[in-house]
Amino acid sequence: MVQKNYQEVIPRIKLPEQLSRLGEIAYNLWWTWNSGADELFSSIDAALWEETRHNAVEFLHRLERPHFNIAMADESYMANYEKQVTAFDAYMSTDETWFTQQYPAVKDKKIAYFSFEFGLHESLPVYAGGLGVLAGDHLKESSDLGLPIAGVGFVYRQGYFSQHITEDGWQETGHFVLDFNELPIIPILDEKNEPLMICVQLPGRDVYARLWKVQVGRVPLILLDTDVDKNSHTDRQLNARLYSSDPEVRISQEILLGIGGTRALRKLGYDATVWHMNEGHSGFLAIERVREYVKEGKTFEEAKELVSKHTIFTTHTPVPAGIDMFPVWLVERFFYNLWPELGIDRNTFIGLASHTVEWGEFFSMANLAFSFANYANGVSELHGSVSREMFNFLWPDKEVDDVPIIHVTNGVHTGTWLSDEMKALYEKYLAPDWMDRIDDPALWDGINRIPAEEFWQMRLNQKRILVTFLRNRIRKQWLTGNLHPVQVVAGGVMLDPHMLTIGFARRFSTYKRGNLILRDFDRWLKIINNENMPVQIVFSGKAHPADEPGKLIIQQIYRAAKNAKTGGRMVFVEDYDMNVARHLLHSVDVWLNNPRRPNEASGTSGMKAAMNGALNFSVLDGWWHEAYNGKNGWTVGDLKDFDDANQQDNYDASSLYDTLEKEIIPLYYARLHGKGDGWMDMVRNNLRTLSYQFSMRRMIREYVEKLYIKAM
Ligand SMILES: *Cc1c(COP(=O)(O)O)cnc(C)c1O
């Protein structure tokens, strides 16, 4: 054992002796996915809990002694406290995990998992969307299964951005500054109690980053942060925000993540065997590891082979335009110093990632990652085959089917995304230990034991919770005096929990076609305003601040939501985040997804909706291509692909309306009016076939079996 030359000190929160463990629990995101643990906070003061965005650290800081006294005098509170502390201690201290039992021979090997963003919880808003939430879920399930893994990423002081919609439907970006003293992040300090630092070389200067740690159950996540005194003003801003459009900032961030992240692990004595790059942003980690080997005396070729043997690259980008690429001149400026240290010349270096398109040669982070990863995968079956075709050029002597890119279909973390109400039903009707068996198909045969009526009432209640949530949210904005009354309507006050409710929430990239449902506005109006079988739809999501077409789509939806003709049945919820996502995914009846094929590598929100009992209504893209079985949801369009986007949109929109009118709406209202149970049959089929298959547990086990163990 090496002597630790650093310390992680959980900041102390002043608490009464009897509740002293609350502080430790607040600093471990374990509480975010274990039933009843959030009540340790929310049940003390529900209003403050909302006000602090479910941030346990800030919440405890702001509680006053009388609050604690009431809690301590409350028997049921103290009983839950004991129960949660016991569960937490048992979870944290056990050595008997799936991984250690399954793979005792490699239990001392370690995995490093690099990602540009991690979406763990709304109180840590340093994620933009699906990629980050997937990475967050990856760490949580790795913790549950006992994988020896550590995450590496950034803590962005200004997060992504907060979204405000003007009266005219235009997305405005708001910026907040996170106070790190109020976040569940733990400073890592050196022997002198100073922040532990790493350093990377950018053109003409050294840039420093301090390290923070987020405890995700048993798994540490190391976050880099350049906001330190030693850096120039500009460098302090380097990781202020996610996804800068400035290539110089982007390459600096990626150098920091890949090279700086590797140095951080070295500094912490975390000796990783397997290096996993979640998307190409962290590709430079391979360069740093080659540099280390060359310094020890290996040739570049030897070093490259050693690095590749232990490196995994997960690609998420099914279209060439989405790949992270830098102009070659920029790469030269950032790396020319390094070539001698790697033992190679300029051309060899650029050749590792060279990508020539019509307008010139670029340095592609995906190509770089493939160059150094003996293991690579896409994130759904369809995306695997799209990737083999798209990257065939990197293996010119191979047939497309032999391109060494496999697929591991994404999944979602059950503990995080399943409502407490569903958890309770499963506990009652599946098995008390159902959580330990979520990826066992046999468990899910028990779905038939859940009485249809009990399930239906629970779902109605979830929609009531959604309606209340949206009302409170819009009321708060109304109270500021800055809202036009029609925005209150667009914010959801006219929603009715009994009505068939469709959800559509995700990033507003144009390929996701958020406005497809408006293509034939008159037909849409007839559908939602049908007297006997009305429909309502709730939208939410952000467009990247530089994505003008994306913002125009939001505007089109928002204007329709304000239009009196839509009767308050179209709603747009501002400022999508994991909290809004959770409310929608727990409650809506139908989850709509209509991207242009095959742009959606996987998609994960539909999996979250499915496990909560919503039915998916989706284009046969990404995960749905392999999930749909004819009886567990519906498709928008079919496998027919048009060259002309306009034709495709018309075709898909018309299919969308047809299926709504002829199948979805009648089936729902038959159930509501007690005239048939086709709806529940589909829901059961959905839960039985999708809950285990698209769980993060199945996904992590597949990563272990197909990739991690081999790379170990
Ligand atoms: C799950 C999730 C996503 C990803 O949704 P997709 O359907 O994959 O686009 C994005 N944002 C949040 C907050 C999520 O929870």
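Computed from a predicted structure; not experimentally measured. Whatever order the structure lists ligands and atoms in, that order sets their numbers, starting from 1.
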Should R53 and E58 be marked as a salt bridge (Lys or Arg N to Asp or Glu O under 4.0 Å) after you check the CA-CA gap, both sets of side-chain angles, and the distance that decides it?
CA-CA 9 Å; R53 283 176 83 128; E58 186 187 347; over 6 Å; no
Please report whether ligand 1 has a polar contact with K512, defined as an N or O pair separated by less than 3.5 Å (distance criterion only).
yes
Distance from atom 1 (C) of ligand 1 to nearest protein heavy atom, with residue and atom:
K608 NZ, 1.4 Å
Residue part near ligand 1, for W623, under 4.0 Å between non-hydrogen atoms
neither
Have a look at ligand 1 and work out which part of S605, if any, has a heavy atom under 4.0 Å from it: side chain, backbone, both or neither.
both
Could you state the interatomic distance from CG (D420) to CD (E39), rounded to the nearest 0.5 Å?
6.5 Å
Polar-atom distance check: W417 versus ligand 1, any N or O pair below 3.5 Å?
no
Give the atom numbers and elements of ligand 1 that come within less than 4.0 Å of a heavy atom of A581.
15 (O)
Among protein heavy atoms, which sits nearest to atom 8 (O) of ligand 1, and what does the distance come to when rounded to 0.1 Å?
T604 N, 2.8 Å
Without hydrogens or angle criteria, can the side chains of H413 and D144 be said to hold a donor-acceptor pair below 3.5 Å?
yes
Rounded to the nearest 0.5 Å, what separation is found between the OH atom of Y668 and the CE atom of M682?
15.0 Å
Ignoring hydrogens and angles, state whether a donor on the side chain of T166 or E172 is under 3.5 Å from an acceptor on the partner side chain.
no
Distance-only polar pair, side chains of T314 and H276, donor-acceptor under 3.5 Å:
yes
Can you find an N/O atom of R507 closer than 3.5 Å to an N/O atom of ligand 1?
no
What protein heavy atom sits nearest atom 10 (C) of ligand 1, and how far off is it?
G130 N, 3.5 Å
Does R157 make a cation-pi contact with F180, if we ask for NZ or CZ under 6.0 Å from the ring centre and within 45° of the axis?
yes
Please identify which atoms of ligand 1 are closer than 4.0 Å to at least one heavy atom of G603.
8 (O)
Under 4.0 Å from one or more heavy atoms of G129, ligand 1 contributes atoms 10 (C), 11 (N)
Do me a favour and list the nearest non-hydrogen protein atom to atom 11 (N) of ligand 1 with residue, atom name and distance?
Y576 CE2, 3.5 Å
Aromatic F508 / basic K551 pairing, under 6.0 angstrom, 45° off normal:
no
